[in-house]
Amino acid sequence: MNLPNKLTMFRVILIPFFVFFLLAPYFPENGKYIATVIFIIASLTDLLDGKIARKYNLVTNFGKFMDPLADKLLVCSALICLVETKQLAAWIVIIIIAREFIISGFRLIAAEHQIVIAASYWGKFKTTFQMLMIIVLILDIQNPIFQILGTAFTYIALALTIISLIDYLYKNKEVIKEQN
């Protein structure tokens, strides 16, 4: 278990703590701040594990599988919590999670044909804006500018989710053709 894989597992371990502090009624004022710090730490481990793995040639099959799964678990957990707290509409979360399922399934099909599909810039922008959106929505600062920022991040993240899905499918349409 190398350092990048340990960081990935640490991210997974942080998820229940994040959810607990965000949703548990025991911390009415401070819970969202603790949850935000946990989410930011978990998000930073995502950046760090990939950089370390590539820089020091520590890429493993476990990491290739677990890293994207850990990312999806973190983001999807946060989005579902935001539906629970009524800070995000369910239809937006459904679109975002559906995109993740579609891409994951598509990657499995590609892997069967020994095709590795790298993340695109659109996907990286999508992830960045989803994480920014989540942080702003969790903090829920009652200030008009902050509220506008939350709404803007939400719709930018949603648009990038759809754009990255279309881009991903278009660039890899040969994989779909091979299945027919």
Side-chain angles (χ1 to χ4, degrees), residues 4 6-52 63 65-104 107 119-168:
K6 287 178 183 176
L7 289 170
T8 297
M9 292 310 299
F10 180 63
R11 184 162 63 254
V12 172
I13 290 166
L14 286 176
I15 295 168
F17 294 98
F18 162 75
V19 171
F20 175 76
F21 283 105
L22 186 58
L23 297 182
Y26 313 115
F27 313 96
E29 294 301 315
N30 297 323
K32 69 181 181 181
Y33 299 113
I34 296 168
T36 301
V37 169
I38 293 170
F39 184 82
I40 290 169
I41 291 168
S43 297
L44 291 175
T45 66
D46 180 30
L47 288 173
L48 200 54
D49 67 9
K51 287 185 186 237
I52 293 169
F65 172 76
M66 245 350 250
D67 182 60
L69 181 60
D71 299 343
K72 287 171 185 34
L73 287 171
L74 176 65
V75 171
C76 290
S77 296
L79 295 174
I80 292 167
C81 288
L82 290 168
V83 170
E84 172 70 19
T85 61
K86 300 187 179 4
Q87 292 170 277
L88 197 56
W91 68 270
I92 293 172
V93 174
I94 291 167
I95 290 171
I96 292 171
I97 291 175
R99 183 252 185 221
E100 299 306 327
F101 274 102
I102 291 167
I103 298 301
S104 294
R107 279 198 166 126
S120 71
Y121 285 109
W122 287 112
K124 291 177 184 188
F125 293 143
K126 173 222 35 128
T127 300
T128 300
F129 274 93
Q130 284 178 354
M131 291 181 172
L132 289 171
M133 170 193 74
I134 289 165
I135 291 166
V136 170
L137 292 179
I138 290 170
L139 290 174
D140 193 28
I141 296 172
Q142 296 302 308
N143 170 302
I145 294 172
F146 207 80
Q147 297 295 311
I148 290 169
L149 192 61
T151 301
F153 282 160
T154 299
Y155 287 106
I156 292 169
L158 182 63
L160 289 171
T161 295
I162 295 166
I163 291 166
S164 67
L165 173 64
I166 292 167
D167 177 65
Y168 191 89

How many angstroms lie between [atom1] in [X] and [atom2] in [Y], if you round to the nearest 0.5 Å?
{"X": "Phe18", "Y": "Leu74", "atom1": "CZ", "atom2": "CG", "answer": "6.5 Å"}
{"X": "Asp67", "Y": "Thr8", "atom1": "CG", "atom2": "OG1", "answer": "4.5 Å"}
{"X": "Ile103", "Y": "Leu165", "atom1": "CD1", "atom2": "CG", "answer": "5.0 Å"}
{"X": "Thr127", "Y": "Gln130", "atom1": "OG1", "atom2": "CD", "answer": "5.5 Å"}
{"X": "Thr154", "Y": "Leu149", "atom1": "OG1", "atom2": "CG", "answer": "9.5 Å"}
{"X": "Trp91", "Y": "Ile96", "atom1": "CH2", "atom2": "CD1", "answer": "9.0 Å"}

- Below 4.5 Å, heavy atoms only, C-beta onward: do Thr128 and Leu132 meet side chain to side chain? yes

- Query: Are Leu79 and Leu88 close enough that some pair of their side-chain heavy atoms sits under 4.5 Å apart?
  - Reply: yes

- Item | Stepwise side-chain contact (heavy atoms from CB on, under 4.5 Å) test for Phe10 and Ile41 | CA-CA 10 Å; Phe10 180 63; Ile41 291 168; 4.0 Å; yes

- Task: Go through Met133 and Ile138 one step at a time and tell me if the side-chain contact (heavy atoms from CB on, under 4.5 Å) criterion holds.
- Result: CA-CA 8 Å; Met133 170 193 74; Ile138 290 170; over 6 Å; no

- Go through Ile156 and Leu160 one step at a time and tell me if the side-chain contact (heavy atoms from CB on, under 4.5 Å) criterion holds. CA-CA 6 Å; Ile156 292 169; Leu160 289 171; 3.7 Å; yes

Please find the pair of heavy atoms, one from [X] and one from [Y], that lie closest to each other, and give the distance.
{"X": "Cys76", "Y": "Ile97", "result": "SG-CG1, 3.6 Å"}
{"X": "Ile13", "Y": "Pro16", "result": "O-CD, 3.1 Å"}
{"X": "Gln147", "Y": "Ile141", "result": "NE2-O, 2.6 Å"}
{"X": "Ser164", "Y": "Lys126", "result": "OG-CD, 4.0 Å"}
{"X": "Leu23", "Y": "Cys81", "result": "CD1-SG, 3.6 Å"}
{"X": "Pro68", "Y": "Gly63", "result": "CD-O, 3.8 Å"}

- Item | Residue pairs passing the side-chain hydrogen bond (donor to acceptor under 3.5 Å, both in side chains) test where at least one lies in residues 28-39, sequence neighbours excluded | none

- Query: Which pairs, with at least one residue in residues 70-85 and sequence neighbours excluded, count as a side-chain hydrogen bond (donor to acceptor under 3.5 Å, both in side chains)?
  - Reply: Arg11-Asp71, Lys72-Glu100, Thr85-Gln87

- Item | Sequence-distant partners of Gln142, side chain to side chain donor-acceptor pair (under 3.5 Å), two or more places apart | Asp140

- Item | Contacts of Ser104 that satisfy side chain to side chain donor-acceptor pair (under 3.5 Å) - sequence neighbours left out | none

- Pair Leu82-Val93, side-chain contact (heavy atoms from CB on, under 4.5 Å): steps then yes or no: CA-CA 9 Å; Leu82 290 168; Val93 174; 6.0 Å; no

- Pairwise ring-ring contact (aromatic ring centres under 6.0 Å, His included) hits with a residue in residues 144-168, at least two apart: Phe106-Tyr168, Phe129-Phe153

- Message: Within a 6.0 Å radius of atom CZ on Phe125, are there more than 12 heavy atoms belonging to other residues, nucleotides or ligands?
- Response: no

- Under the salt bridge (charged side-chain N to carboxylate O under 4.0 Å, His left out) test, which residues partner Lys51, sequence neighbours left out? none

